[in-house]
**Student:** 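Supplied in structure tokens, the structure appears directly below.
Numbering starts at 1 and runs along the sequence shown.
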Amino acid sequence: MTMAKKNYTRFNINNVEAMYPRMDKPYHFDSTKQKSMPCDAFDDGASYSMSFNMTKEQAADLYKNMVTAWDEGKDSNWPEKIDMPFKKLDDGRFQGKTRLAAAYGQNATRKPSQYDAKSVKLDDDFQLTSGSTVNINVELVPYKMSNSGVSLRLRAVQVVSLAEMAEANPFGEVDGYSAKTEDDNPFGEAEKAPVAEDVPTPKTTKSRKKKAPVKKDDANELDDILNQFADDDKVDD
């Protein structure tokens, strides 16, 4: 990999949603287990990493700064432009990824620092959770290899709001014991009252009232209310 100048630009990505944070220790992808696992800093692919979800506006601002870093740091024989580096999500947001190699050559890197909302440094073994709101400090590092772009080198994270750690359930649903019983529902089906036999049902005459016609102004007002919930904030690819 060829990288540009070493005076890299620092940039804060504020108020984004942390996803799959792995910063308490180095991790790498274990092909036998098909998932990321803790590892030694000098193992192949060892890194600290985190994905993050951001709004369209946040993604546009970050991409603009990445383009500036590319233009200022690229070599003369590098491509003129970089491709869109973010994944578009179904809800209209975008997902980016930041990482830091656990070692370069024979030198281990300093793992990313983590701070609380008051800028107090968190314990070394603190584990950030997916769904937390965070600020991320990164270095914008232009590079050129088989592909090219601007790496978001992870340096520090500030936890604005910590999400509760989800408890993973390794099991799916099977036939068998259920903890729920009929007594759990106090509003079960009511018993039907016995119907008396051979008792003629008296005929009743129902008076039908005509529904008042909907006024045009009322219909327009209803449309205006419903339009407030319309998803008109479409994001083009």
**Student:** Please find the pair of heavy atoms, one from Glu17 and one from Gly131, that lie closest to each other, and give the distance.
**Tutor:**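 Scanning both residues, the minimum pair turns out to be OE2-CA, 3.6 Å.
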**Student:** For Pro21 versus Leu128, what's the shortest heavy-atom pair and its separation?
**Tutor:**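 For Pro21 and Leu128, the tightest heavy-atom pair comes out as CG-O, 3.2 Å.
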**Student:** Met37 and Met23: same hydrophobic cluster, using ILVMFWY side-chain contacts below 4.5 Å?
**Tutor:**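 As far as the 4.5 Å side-chain criterion goes, Met23 and Met37 are not connected within one cluster.
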**Student:** Output the distance between atom CG (Asp71) and atom NZ (Lys81), rounded to the nearest 0.5 Å.
**Tutor:**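 Spacing of CG (Asp71) from NZ (Lys81) equals 10.0 Å.
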**Student:** Under the side chain to side chain contact (heavy atoms under 4.5 Å, CB included) criterion, do Ile82 and Trp78 qualify, and how do the steps go?
**Tutor:** CA-CA 10 Å; Ile82 58 172; Trp78 288 14; over 6 Å; no
**Student:** With a sphere of 6.0 Å drawn around CD of Glu164, does it hold more than 12 non-hydrogen atoms of other residues, nucleotides or ligands?
**Tutor:**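 Not more than 12 within 6.0 Å, no.
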**Student:** Could you check whether Asp91 pairs with Arg93 (Lys NZ or Arg NE/NH1/NH2 to Asp/Glu carboxylate O, under 4.0 Å)?
**Tutor:**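 Answer for the salt bridge query: yes.
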**Student:** Give the cluster check for Leu140 versus Tyr104: same hydrophobic cluster or not, with ILVMFWY residues linked at side-chain heavy-atom distances below 4.5 Å.
**Tutor:**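 Yes; Tyr104 is reachable from Leu140 via cluster members.
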**Student:** Measure across Asn14 and Gln58 and return the closest heavy-atom pair with its distance rounded to 0.1 Å.
**Tutor:**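 Asn14 and Gln58 have their closest heavy atoms at O-NE2, 2.8 Å.
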**Student:** Is the backbone N or O of Ala69 less than 3.5 Å from a side-chain atom of Glu72, with the two atoms forming a donor-acceptor pair by type?
**Tutor:**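 No; judged by distance alone, with no hydrogens or angles, the pair does not exist.
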**Student:** Is there a chain of hydrophobic side chains (I, L, V, M, F, W, Y, each step under 4.5 Å between heavy atoms) that links Met50 to Val160?
**Tutor:**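 In one cluster: no.
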**Student:** Which one of Ser51, Ser47, Ser49 satisfies the side chain to side chain donor-acceptor pair (under 3.5 Å) criterion with Arg99?
**Tutor:**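 Only one option passes, and that is Ser47.
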**Student:** Run Leu62 and Leu152 through side chain to side chain contact (heavy atoms under 4.5 Å, CB included) and show every step you take.
**Tutor:** CA-CA 10 Å; Leu62 176 56; Leu152 303 178; 4.1 Å; yes
**Student:** Is the number of heavy atoms from other residues, nucleotides or ligands within 6.0 Å of CG (Asp83) greater than 12?
**Tutor:**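 Not buried by this count: 12 neighbours or fewer within 6.0 Å.
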**Student:** Over all heavy atoms of both residues, which pair between Ala46 and Ala41 is shortest? Give the atoms and the distance, please.
**Tutor:**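 Looking at all heavy atoms of both residues, the shortest contact is CB-O, 3.5 Å.
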**Student:** Is a donor on one side and an acceptor on the other found under 3.5 Å between the side chain of Asn135 and the backbone of Asn15?
**Tutor:**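 It does hold such a pair.
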**Student:** For the pair Asp116 (side chain) and Lys118 (backbone), establish whether a donor and an acceptor sit closer than 3.5 Å, ignoring hydrogens and angles.
**Tutor:**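 Checking the backbone N and O of Lys118 against the side chain of Asp116, a donor-acceptor pair under 3.5 Å is found.
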**Student:** Enter the distance from Arg155:CZ to Arg10:CZ here, rounded to the nearest 0.5 Å.
**Tutor:**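 So the CZ of Arg155 and the CZ of Arg10 are separated by 6.0 Å.
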**Student:** Check whether Val16 and Tyr115 end up in the same hydrophobic cluster, where Ile, Leu, Val, Met, Phe, Trp and Tyr are linked by side-chain heavy atoms less than 4.5 Å apart.
**Tutor:**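 Hydrophobic grouping puts Val16 apart from Tyr115.
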**Student:** Evaluate the side chain to side chain contact (heavy atoms under 4.5 Å, CB included) criterion for residues Asn65 and Thr9: first the C-alpha distance (whole Å), next the side-chain angles of each, then the deciding distance (0.1 Å), finally the verdict.
**Tutor:** CA-CA 9 Å; Asn65 281 272; Thr9 301; 6.0 Å; no
**Student:** Can you name the closest pair of heavy atoms from Ala163 and Ser132 and give their distance?
**Tutor:**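 Scanning both residues completely, I find the closest heavy atoms to be N-OG, 2.9 Å.
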**Student:** Measure the CZ-CG distance between Phe94 and Leu89 for me, rounded to the nearest 0.5 Å.
**Tutor:**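 CG of Leu89 is found 8.0 Å from CZ of Phe94.
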**Student:** I need the full list of ring-ring contact (aromatic ring centres under 6.0 Å, His included) pairs touching residues 11-64, with sequence neighbours left out, sorted by first then second residue.
**Tutor:**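 Of all non-adjacent pairs touching residues 11-64, none passes ring-ring contact (aromatic ring centres under 6.0 Å, His included).
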**Student:** Measure the CG-CZ distance between Leu154 and Arg22 for me, rounded to the nearest 0.5 Å.
**Tutor:**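 That separation rounds to 13.0 Å.
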**Student:** Within this structure, what is the CD-CG distance for the pair Gln95 and Asn53, rounded to the nearest 0.5 Å?
**Tutor:**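 Answer rounded to 0.5 Å: 4.5 Å.
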**Student:** Does NZ in Lys111 sit with more than 12 non-hydrogen atoms of other residues, nucleotides or ligands closer than 6.0 Å?
**Tutor:**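 Yes - once you tally the heavy atoms of other residues, nucleotides and ligands closer than 6.0 Å, there are more than 12.
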**Student:** Report yes if the side chains of Met19 and Lys97 come closer than 4.5 Å at any heavy-atom pair, otherwise no.
**Tutor:**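 Heavy-atom side-chain distance check fails, nothing below 4.5 Å.
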**Student:** Do you know the tightest heavy-atom contact between Lys25 and Pro38?
**Tutor:**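 Answer, listing the atom of Lys25 first, then Pro38: CD-CB, 3.4 Å.
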**Student:** What's the separation between atom CD in Gln127 and atom CG in Asp24, rounded to the nearest 0.5 Å?
**Tutor:**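 It comes to 4.5 Å.
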